[in-house]
Amino acid sequence: MLIAQVIVDVPTNQTNHTFDYLIPPPLEDIVEKGMRVSVPFGPRKVMGFVLDVVSQSEWDKLKDIDEVLDIHPILTEELLELGKWISEQTTSFYIQTFQAMLPQVLKASYKKEIEALTEVDLSPAFQQLFAGRAVIDYQEFIERNGDHKQLLEEVNQGHLHINYIVKSKETNKTKTFVAPNKDLLILEEAIEDISARAKKQKEIIEYFIQYPEPIEKQELFKKLQTTSSTVNQLIKKDLLKTVEKKVYRDPFQAEHFQRTEPLPLSKQQQEALDPIHQAIDQAENEVFLLHGVTGSGKTEVYLQAIAKVIEQGQEAIVLVPEISLTPQMVQRFKGRFGSQVAVLHSALSPGEKFDEWTKIHKKEVKVVVGARSAIFAPFENIGIIIIDEEHETSYKQDEQPRYHAREIAKWRGTFHHCPIVLGSATPMLESYARAKKGVYHLLNMPDRMNNTEMPPVEVVDMRDELHAGNRSMFSRRLLEAIQTRIDRGEQVVLFLNRRGYSTFVMCRECGEVMKCPNCDIALTYHKSSHQLKCHYCDYQVPMVKECTSCGSNTIRYFGTGTQKVEESLKEHIPEATVIRMDVDTTRRKGSHKRLLEQFGQGKAQILLGTQMIAKGLDFANVTLVGVLAIDTMLHLPDFRSSEKTFQLLTQVSGRAGRHKLPGEVVIQTYTPEHYSIEYASQYNYQQFFSQEMEMRRSFGYPPYYYLTLITVTHANAFKAEEVTRTICKLLFKHLSPDARVLGPTPSPMVRINNRYRYQCMVKYKDEPNQRDIIRKIQQHYNEEVHRDNLTIQVDFEPYSFM
DNA sequence: AGCACGCCGACT
DNA sequence: GTCGGCGTGCTC
């Protein structure tokens, strides 16, 4: 008898191991590693992943697998191995990791129903509830206030039975096709019988005699200028039939991708591509860091590397930050490789994601372009993995399992013996340091295509503006520059990293700042809805007219949000049309794309936006980029804030003057002397790198030290702090003396959603036992986590410190 | 996570 | 004496 080792869909410490199940004879040839099954677990049924099939078990009373949920394994053996590794690296539950590798719709959904085994013996109450039906939803029983005790009694007496149903949520989209239901000869005869008045019916039959293949219903209607009533007549006569056929939801259906051919490479592109091609040829597991300035033509290098991989019959994964998975980017890959490309990103509906994933699973595509989770594409013969904008923090997942796509890429690269390419204009310090040490193979592309220069950057000191009596958010220099572009019919991109109208609202009388009652954070004013919103929880209230503290009506807005800038622009330059892009205006599906298209067609002169416009945009007519207030970013409580500022400024500057027209960049700041602003304005990555490395060394941050961040949350502040203190002590005691344990410290956001947050930070060089110690600490608090709603988050190599 | 089992207080 | 409250522990 064969035995399946199964990880069940119960994310707890006590169930974080495999459970053994017998494979009943009818399923013997079906069950395979990597499949999802439904298994009895205690009194109920749950979904589980088969990790292995073995012939022996240490347990004696094994239950049978209930049902198989997949025809083919949905996780390859490689992904099963990888999943185990990630779970151990991130101290996550196995089940969480496997779920993270798959599209949402492959998660199980659970249902309970009550079945009546008898009609006559049932108590009157239940007879009434069932009302003649054999089965009712458990949910219905609850909603009608069913008596739980009576239910159990009936179950014990054998009158009722509770069914636990495990289902996969995926659905296949089908379309209705119409096809002939009879031999063509019979159809020809049938035409004679059709009434002479039924001209359309005859036409349809004649069509099918000529083209007997099934045709989609809607298409048939269009082709023959008819409707379902006519077709239905023929179906009634048994001459035609309908067939349901599975179709892929195609998110790019309406788009035509202009086929592109490989472009001739510049010298520096060729020099970057050669070693990559060589690594592909020789199946070398090498990590390349492609350091290319914005506009240096990195994408063309990727495309030609992929072309070679496809030529060799292998597959390619391309990761792109979520935010820059723009239509322009998709266009380039689809244009070169056509239907061999699957695209995975968050703007797709769950069904569309599943369909794109299915194409990969069925090996119908050779290339996947996607955000973070596309790193788990179930390919089996990977020839290259490319991570574009490798410094982007969105490659780190901010929930369990807290993996970094770069590390997963390296693991898979080792498995498949294939090269990894990390591309960026502003590599992460850690990556560049590795490249300098020779751990990564550094490839440089210092020049822009067509020898265009990076646009000159002017840094405007906003303190001077204030002294000169300019209290607006635009410096005189920037306004003048915008005006010039508008007059010349050119376009402007304005960047601001704050959405909403104002960052906070304060009473001038007493200084009270309107705060979220759950989060200890200032509320943001949204003018369009006239609401105060918390960006950390869902709290929102109508804008207050009087101070909640002193009752005065001297409420003032401080700071600047995108909405406010938009309004102010209209005052200063009324003739300009503005397109605003932030989370609020791009929430609806497709709006992101639509707004960019409008801007591309010149329907507006100014594009104003947050982070999302910093990357990947390429509009020939944009000759001015303005950065309104970079200081908020510079002063975030994050040791990477300088690096992030430098990266962002470089990124944004790259949006200007990419083509024939020369560009210009204006950065407004209150701290023009800061090195990240100074070096960004000079496009001097090397100098920034050295100075930032010096800072990291002296403060003991990556890449000199590794970090682990433990965040404890609890409804009670004292409790949260006390647990954190104990954890710090335990870590200090068990880690090596070289490790530095900092804390307990209140998190930069002490309270979110009425829960207090305290942190412990570990800085270390080498702590092989660290994960074991942390696992033990987690187990120690297991009960309290369970009982007392305590949470302990562990983040290895964190990217966010909030 | 669910669900059963079991041990204590307030009731017909 | 019983009903039902929730704390505790298990699920192959």
Side-chain angles (χ1 to χ4, degrees), chain A residues 1-25 27-28 31-33 35-69 80 84 87 91-100 104 106-115 125 137-139 141-143 145-158 160-169 399-401 719 778-793:
Chain A
M1 198 63 131
L2 288 176
I3 287 146
Q5 301 188 320
V6 176
I7 289 287
V8 294
D9 183 16
V10 183
T12 64
N13 240 315
Q14 304 129 65
T15 52
N16 194 32
H17 56 84
T18 57
F19 286 77
D20 290 355
Y21 288 90
L22 285 175
I23 303 175
L27 296 181
E28 234 163 45
V31 174
E32 280 179 65
K33 280 185 188 189
M35 282 183 175
R36 292 172 306 156
V37 289
S38 151
V39 290
F41 196 64
R44 65 205 167 112
K45 279 180 201 156
V46 295
M47 187 276 281
F49 290 98
V50 178
L51 285 210
D52 214 345
V53 177
V54 295
S55 53
Q56 292 216 327
S57 173
E58 291 171 24
W59 289 78
D60 39 4
K61 297 175 301 221
L62 293 187
K63 291 184 181 172
D64 280 5
I65 285 184
D66 172 57
E67 212 183 328
V68 178
L69 300 179
L80 291 175
K84 287 190 219 167
S87 302
T91 62
S92 303
F93 302 127
Y94 294 110
I95 189 70
Q96 288 176 319
T97 307
F98 292 130
Q99 305 267 37
Q104 281 291 314
L106 291 179
K107 274 194 181 165
S109 72
Y110 297 101
K111 216 179 94 177
K112 251 165 94 176
E113 53 182 40
I114 308 170
E115 189 183 351
D137 271 7
Y138 184 78
Q139 200 53 38
F141 169 75
I142 296 292
E143 276 161 20
N145 286 321
D147 185 332
H148 209 266
K149 232 190 90 208
Q150 275 178 34
L151 174 66
L152 287 183
E153 198 146 301
E154 297 278 5
V155 169
N156 283 336
Q157 285 182 18
L160 294 178
H161 191 254
I162 298 179
N163 295 328
Y164 292 86
I165 297 160
V166 180
K167 269 195 321 207
S168 182
K169 275 188 261 183
E399 55 188 59
Q400 291 277 45
K719 178 73 185 172
Q778 283 175 318
Q779 266 152 30
H780 173 252
Y781 280 106
N782 191 24
E783 201 196 330
E784 267 182 274
V785 165
H786 208 100
R787 212 189 53 234
D788 198 20
N789 213 357
L790 173 77
T791 72
I792 302 173
Q793 282 169 22

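Proteins come first, then strands; the chains are lettered A, B, ... in the order of their sequence lines, and each starts at number 1.
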Atom-to-atom span, [atom1] of [X] to [atom2] of [N] - whole angstrom:
X       : N       : atom1 : atom2 : value
D20(A)  : dT11(C) : CG    : P     : 13 Å
N16(A)  : dA1(B)  : CG    : C1'   : 14 Å
R787(A) : dG9(C)  : CZ    : C1'   : 13 Å
D788(A) : dT8(C)  : CG    : C1'   : 15 Å

Min side-chain heavy-atom separation [X]-[Y] under 4.5 Å:
X       : Y       : answer
D9(A)   : Q99(A)  : yes
F19(A)  : V39(A)  : no
F141(A) : K112(A) : no
I3(A)   : Y21(A)  : no
V10(A)  : I95(A)  : no
S87(A)  : Q96(A)  : no

Fit a plane to each ring of F49(A) and F98(A), take the angle between them on a 0 to 90° scale, and name the class: parallel (under 30°), tilted (30 to 60°) or perpendicular (over 60°).
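Rings of F49(A) and F98(A): tilted, 30 to 60°.
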
Residues K719(A), E784(A): salt bridge by 4.0 Å N-O rule:
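A salt bridge is present here (some side-chain N lies under 4.0 Å from a carboxylate O).
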
Strand contacts (DNA chain B) in residues 45-69 of chain A, 4.0 angstrom heavy-atom criterion:
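Contacts with DNA chain B under 4.0 Å: none.
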
Are any protein N/O atoms closer than 3.5 Å to N/O atoms in nucleotides 2-12 of chain B? If there are, list each pair with its distance.
{"from": "dG2(B)", "atom 1": "OP1", "to": "R44(A)", "atom 2": "NH1", "distance (Å)": "3.2"}
{"from": "dC3(B)", "atom 1": "OP1", "to": "K112(A)", "atom 2": "NZ", "distance (Å)": "3.1"}

Separation of L27(A) CG from L2(A) CG (nearest 0.5 Å):
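Those atoms lie 11.0 Å apart.
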
Between the protein and nucleotides 2-5 of chain C, are there any N/O to N/O pairs under 3.5 Å, and if so, what are the atom names and distances?
none

Cation-pi check, K45(A) to Y164(A): give yes when NZ or CZ is under 6.0 Å from the six-membered ring centre and within 45° of the ring axis, no otherwise.
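The answer is no, since K45(A) fails at least one limit relative to Y164(A).
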
Is atom NE2 of H161(A) surrounded by more than 12 heavy atoms (other residues, nucleotides or ligands) closer than 6.0 Å?
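Not more than 12 within 6.0 Å, no.
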
Would F41(A) pass as stacked on dT11(C), i.e. its ring centre under 5.5 Å from the base's six-membered ring centre and planes under 30° apart?
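It does: the two rings, one from F41(A) and one from dT11(C), meet the stacking criterion.
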
